[in-house]
Amino acid sequence: MAIALRNASGREPVMLWHRQDTLPELDLVVLPGGFSHGDYLRSGAMAAHAPIMGPVRDFAARGGYVLGVCNGFQILTEAQLLPGALLRNAGMRFLSQDCRLRVERNDTVFTRNWQAGDVFRAPMAHGDGNYAADADTLDRIEGEGQVAFRYEGENHNGSARAIAGVFSANLRVCGLMPHPEDLVDPLMGGTDGKPLFDGLVESFVQGAAQ
Amino acid sequence: MKVRVTVMLKDGVLDPPGKAIGHALHTLGFANVGEVRAGRVIELELDETDAARARAQADEMGRQLLANLVIESFETEVLA
Amino acid sequence: MKVRVTVMLKDGVLDPPGKAIGHALHTLGFANVGEVRAGRVIELELDETDAARARAQADEMGRQLLANLVIESFETEVLA
Amino acid sequence: MSTQHRTVDQALAREFGLTADEYGTLLTIMGRTPSFTELGIFSVMWSEHCSYKSSRVWLKTLPTTAPWVIHGPGENAGVVDIGQGLAAIFKMESHNHPSFIEPYQGAATGVGGILRDVFTMGARPVANLNALRFGSPENPNTRRIVDGVVRGVGGYGNCVGVPTVGGEINFHSSYDGNPLVNAMTVGVARQDRIFLSAAAGVGNPVVYVGSKTGRDGIHGATMASAEFDEDAQAKRPTVQVGDPFVEKLLIEACLELMATDAIVAIQDMGAAGLTSSSVEMAGKGGVGIDLDLDSVPQRERGMTAYEMMLSESQERMLIVIRPDRTEQARAIFDKWELDFAVIGHLTDTGRIVVRHQGRVEADIPLAPLADEAPLYRRPTAPRPALAPLGPVHDPVGIEQALVTLIGCPDVASRAWVWNQYDSTVGGLTVRRPGAADAAVVKVENTELGLALTTDCTPRYVAADARLGGAQAVVEAWRNLTAVGARPLAITDNLNFGNPEKPDVMGQFADAITGMGEACRALDFPVVSGNVSLYNETRAPDGSTVSILPTPAIGGLGVLENAAQAIGIGLRPDQFLVLLGKTEGALGQSLWLREIHGREEGAPPPLDLAAERRNGDFVRAEILGGSVSACHDLSDGGLLVGIAEMAMAGGVGIRLDVPQSGISPHAYWFGEDQGRYLLCVPDPDGVIERARRAGIEARLLGETGGDGLTLPSGATISLARLRTAHHAFFPALMDR
Ligand SMILES: Nc1ncnc2c1ncn2[C@@H]1O[C@H](COP(=O)(O)OP(=O)(O)O)[C@@H](O)[C@H]1O
Ligand SMILES: [Mg+2]
C-alpha cells in the first residue's frame, strides 16, 4: 500500500502508530490490509478499538477521506464507519486469487478515474470477505448509491449481492476487500488498480476534492 | 469469578462455518442433523466476588468487543 | 432436539485468541480481567426425541469431527 | 514437583534415547551421576535432530563455498551476496512428525520456526516456500492431512504477512503415515547488518524475548516420566501451537533492535528451546553461561527446570546484549508488547549453569558436550541393481496418456493449494505460483529479483539415490535458469527413513554424493539445510516402510533486473523450440507409473556438463531478450511440458515434428534431462546459436489457436486439458 501511495503521489505517506491518539494534518487516512492483532476474535474487531481510531472517527465525522482495504475494510465496518460486516468466506477457505470488480459509480474521489460500469482486475487475499448485512440495510445502501464495487462474474466469497466495497453515506469513507494496490505496476502483472490512486492524488494534490 | 460469554450469529445471518459443519456431519453419516449454527465462547476469570456485578461486566464486554451487534447476539452466564 | 457442543482448548495449550482478547479487554479498561480462554460452540438441531440419545450422538460428533482431541476437549448439553 | 525427578540411571537414559555407550560418555564428562535436568539437556543435545550424529560425516562432503557465499552451513541460515551490498538469507526446515500428529499446528509452527531462523540473522523475510509430500490420495487419512497442512502453512504465512510464493507436492503411499512438511524462508538483509549466534563478552546479559514459556512440545522423552503422575500427559501437550501475530511483532521488534548496535549475538529458540539456544550460543563463543530460570517469563504455574529447559514454546528468541543497551532494548520490546527478561549472563567458566528456586539444576562443561557428542559412520548397504526396463508398449495412445498425466496427482494443477496462500502480500511478487518455473520476488528499493524454487523427484532417488540426489539439485538449477536467473546456492532438507538400516543409510550416503557432484558441476553450493531421519510408515502387518528418500532442494538465484524474468505461458504467433537431447527415457517415468502402474527401471541419465552448457545457453538467450517463455522438462516429459505452457498462456500450438526413430510414447513422455522448451519469435536465430554452442535444438511448431494439435492431426482442446488438469484437488478435497 505504501508503495502504491508513494508511486502515485510522489510523496512519502506518513505512517501512524495504533496507539497514537492524534492525527497530523492529512488529506486521506488509509487503513491497509494485514491481520491486525492476528484477527483472532473477528477480523478487525480489536483494531477498531485501537486508540488511533478515536481521531480517525473524528476525522471522518469532519468529512475527512478514509480508505480501507481488506483488513482496513473489516476495521471500518467493525468501527461502524461503514455499514455491514464481513463473515467467513462461503467456502470456508482463504481466497488468494484475482477477481474482477465492477465500478458502481464514478462521481467519488475513489472512483473518478473509472467510468461507472468499468470492470477491472484485482487480487484478493482474505479469509473473511463475505459481505453481510440485513436485508433492510442492503436495500438502503443500494438505494442510496453506497455500493462502491461489486464482484463481476464469480462471487467467490459469497458476499451478499456480490458487494465487494461500500461507501459511507457522504461518499467520503470507502472500504473494499480486494487489493487494487497490488496491481499498480506492469512488473507485478498489471496496472488495473492504478486509477484508484491516480484519482485520489488528482483530487487532493490538485485540490479538486474541495 | 468465572463468566462465560457465548456469541452466536443472529437468526437470518448466513453462517458459513455452521453450514460447512452440517455438510461434513452428513458426509460422516449423521443423517438426522438439521440446522447447525456455529459460534464462539469466551471464558473469563474476573477479579470480582459479586455474581451480578461480574455478569454486568461481561455484558458490557460483550457489547463493546466480544460481539459485533450488527450481525451477532450474545449471552452471558456466571460459571463460578 | 437441540444440542450444544462447546469446544475448548485443553489446559496448557497456548490460546492465542484468548490471550489477544484478554489484552484487548485490558486496553478497553476492563482491569479486573484475568485469564481468558476462547472456544467454539456448535448448536445442532437433531431429528431425535430422546435426550439421552441426542446427547450420545452429539458426543460422537464431538469425537469424530467437532473437536480436535489432540489439543481440544469438548462438552455436550441438550438445550431443548 | 519431585515426582518427576526419577532416579537417573542407565535405564532412564535409555528411555531418553541415549545408548549405553552414550550414557557412559556422559558419566565420564560429568564425573558423577547427572541430575534429571542434566540428563534432559544431554539427551536433546545428543539427539539426532540437534547433533546430526548419523549424518554429519556425510554432510561434511558437500561443497559449501563460492565467491558469493557469505555464510555457509553452521549459522541459523545460509547467506549469499546478491549485489548492491545486500544479502539473501535462506533455509529450509522440516516439521514432519508434528504435522502428522496435528497437521494444522504442525505445519503452521514449521513455517514459524523457519521464519525465525532467517530473521534472527537480521533479514526481513520476503518469501516462503513449502515442499510437501503426502500419502496416497486413496488413503482415507490423506485428505485430513492435506487440509490441515495447507491451512496451517497459509494460516501462519498469511497472518505474518510474508508471501508464500512456491513449493511442490507429491503423493505416494510411502508417506501415508509420515507426511513431509518442509518449509523454506528467504529474507533480505544489508551485508553489514548480519547477526550471528556466537556469544561473546563475559558478563554480558542474556535476554529472553517473545512469548512466555509453557509446557509445549517438551521432548518426547518426558513421556517416560509421565507414569509417575496420573494426568501428566494432559498437562504436557506435545503439540506446539503457533501465534503468528506474536511472530509478526517479534520480527518487527528484532529488526528495530538490529538497527542499533545493542546485539552481540542472537539465536531463535527452535527445537529443544532454551537448551539448544543457550548451549549453542555459549559453545560457539567459547564462553560459559549462567541462567536463572526464575526470571523466565512463564505461562503456566509450577514449571520445573527440566520443563523450562526443554519446552518448545514458539515465538521466542535469546539475545546476548551490550549491558549499556539493555534498557533501550527493553523499550523496543515494550513498544511491541512482547516479553523481555534478563535471564542470565555470560561467564568465563566454559560451563552452563542453570539455577532455579535457589538450587543448581544443571552444571555442565560445554566443550565436551559439543566435542564428545556421538558421531556415527553407520553401515551402508549398496543400492540393489536395477533390472533393465526393456521395451514397453503404448496401450492407450498419446492423446489419452496426455489427459491422464496432466490430471494425475503429481502433475495436476496445484491452484487449489496456492489459492489459499497469500502470494502477493507486500506487493513485490513478480512471478506468482504457476506462472513460471521459479517464483520471482523483487527486492525492495532495487531492480533486483530473487528467483526461488524447491525440487526433488523422490521416485528417482528411490531407484538410484546418487542420480536422484544429483537430479534434485539440477532440477532446482534448471528452474531458476528457466526464468532467467543466475543460480547462486541451495538449501536442502534431507528426509530419509531409519539410518540404522543399512539400505536407508546407503540411500542417504548416495544421495549426498550425487548432490555434491551436481553442486560442484554447477557452482551451486549448499549454504544451509536440515536433516530429518526416522521417517517411516507402519504397514498394516506391523512392519515399517521407509518413505521414498526425499532430499528436497531449495534453490535461490538472482536477476539483475526483475523485469527480465520470464514465465512459462506460451505467446501466440511465435514458435516453440526444444533444446537438449531426446532419447525417450521411460524408466521411472510418470508415464510408466500412471499408464502401466509400474515403478521400474533406471531413472533418466544425467549429464552434468550438458546441463551446465544447456542452462548457461538458455539464460543468455533469456537475458538477451530472444525468449518470451521458457519451461524446463521434468515430470511427464515433453508433451506434458508443452501442455503446461499452453494452459498457462491460454495459447495452443500446432506440433509439426518429423519422425525421430523413437517410438511416439517414448518421444512425448520420456523424461530425458537437460531439456528446455523456449517460446521464441525467431526460431532460426536461436537454433543456429544453439548449434554453434553444440546443443541439439529443434523446432516443434508454431503457437496459436486453442488446442494442441499433434503431428497425427488430432487436436486436444485447451478446455479439455484444463478440465483434466484442475479436477484432481477439488475432487479430493472439496467433497
Ligand atoms: N506447496 C506449494 N505451495 C505453493 N506453490 C506450489 C506448491 N506446490 C507447487 N507449487 C507451484 O506449482 C507450480 C508447479 O510446481 P511443480 O510441478 O513442482 O513445478 P516444476 O516441476 O516446474 O518444478 C510451481 O509454480 C510451484 O511453485
Ligand atoms: Mg518442482
Side-chain angles (χ1 to χ4, degrees), chain A residues 1-7 12 15 17-20 32-41 43 46-47 50 69-71 88-99 121-129 154 156-157 178-190 193-194 197, chain D residues 147 150-165 242-249 252 315 334-337 415-435 440-442 444-445 447 449 559 561-565 567 729-730 733-734:
Chain A
M1 180 62 82
I3 298 174
L5 291 168
R6 185 190 309 137
N7 288 354
E12 203 53 42
M15 293 290 173
W17 184 241
H18 66 111
R19 282 203 297 255
Q20 241 170 279
F35 279 72
S36 52
H37 301 271
D39 283 345
Y40 292 138
L41 177 59
S43 291
M46 296 184 201
V69 171
C70 197
N71 198 235
R88 291 299 301 278
N89 293 342
M92 292 295 291
R93 293 194 183 276
F94 192 90
L95 284 169
S96 169
Q97 61 193 88
D98 283 353
C99 65
R121 192 163 61 94
M124 54 181 177
H126 57 247
D128 304 306
E154 217 171 328
H156 296 274
N157 58 25
H179 293 271
E181 77 275 15
D182 283 346
L183 270 189
V184 293
D185 180 349
L187 186 54
M188 307 303 154
K194 225 168 157 311
F197 298 96
Chain D
D147 183 73
V150 169
R151 281 185 199 277
V153 168
Y156 206 98
N158 298 346
C159 187
V160 292
V162 175
T164 301
V165 299
D243 185 340
F245 186 63
V246 165
E247 181 101 335
K248 172 76 179 157
L249 300 177
E252 299 304 332
E315 291 95 21
D334 280 353
K335 170 183 154 194
W336 292 100
E337 303 176 28
W416 182 91
V417 174
W418 74 60
N419 282 348
Q420 297 180 58
Y421 300 157
D422 192 336
S423 55
T424 54
V425 59
L428 294 166
T429 307
V430 178
R431 298 282 168 209
R432 298 195 224 174
V440 179
V441 177
K442 189 170 178 280
E444 200 170 2
N445 299 324
E447 300 298 307
L559 288 130
N561 186 344
Q564 287 184 306
F729 268 98
M733 301 304 300
D734 293 338

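Residue numbers begin at 1 in each chain, while the letters A, B, ... track the order of the sequences. Quick caveat, the model's predicted, so the values are computed rather than measured.
Both the backbone and the side chain of H37(A) come within less than 4.5 Å of a heavy atom in chain D. The contact between S423(D) and chain A is made by backbone and side chain atoms together, counting heavy-atom distances below 4.5 Å. In this structure, the portions of K335(D) lying under 4.5 Å from any heavy atom of chain A include both its backbone and its side chain. Both the backbone and the side chain of L428(D) come within contact range of chain A, judged by heavy atoms closer than 4.5 Å. Contacts between E337(D) and chain A at a heavy-atom distance below 4.5 Å involve the side chain alone, from C-beta outward. For D734(D), the part lying near chain A is the side chain, with the backbone staying farther off; criterion is any non-hydrogen pair under 4.5 Å. With a threshold of 4.5 angstrom between heavy atoms, H156(A) does not approach chain D through any atom at all.
Residues R93(A) and M733(D) share a closest heavy-atom pair of NH2-O, 4.3 Å. Across all non-hydrogen atoms, the minimal contact from M92(A) to R151(D) is O-NH1, 3.0 Å. A pairwise comparison of heavy atoms in Y40(A) and F245(D) identifies OH-N, 3.3 Å as the closest pair. Contact between T429(D) and M188(A) at its shortest, heavy atoms only, is O-SD, 3.5 Å. Pairing each heavy atom of R432(D) with each of P123(A), the nearest pair is NH2-CG, 4.5 Å.
For chain A, the option among L249(D), D422(D), V425(D) with the highest count of heavy-atom pairs below 4.5 Å is D422(D). Of the listed residues P244(D), G155(D), A415(D), the one with more heavy-atom pairs under 4.5 angstrom with chain A than any other is P244(D). Counting heavy-atom pairs closer than 4.5 Å to chain D, the top residue among R19(A), H126(A), M1(A), M124(A) is R19(A).
Between the CD atom of E181(A) and the OG1 atom of T424(D) there is a distance of 8.5 Å, given to the nearest 0.5 Å. A distance of 9.5 Å separates SG in C159(D) from CZ in F94(A), rounded to the nearest 0.5 Å. We find the CG-CG distance between N158(D) and D39(A) to be 11.5 Å, quoted to the nearest 0.5 Å.
When the side-chain hydrogen bond (donor to acceptor under 3.5 Å, both in side chains) test is applied to R121(A), the partners found at least two apart in sequence or on another chain are D98(A).
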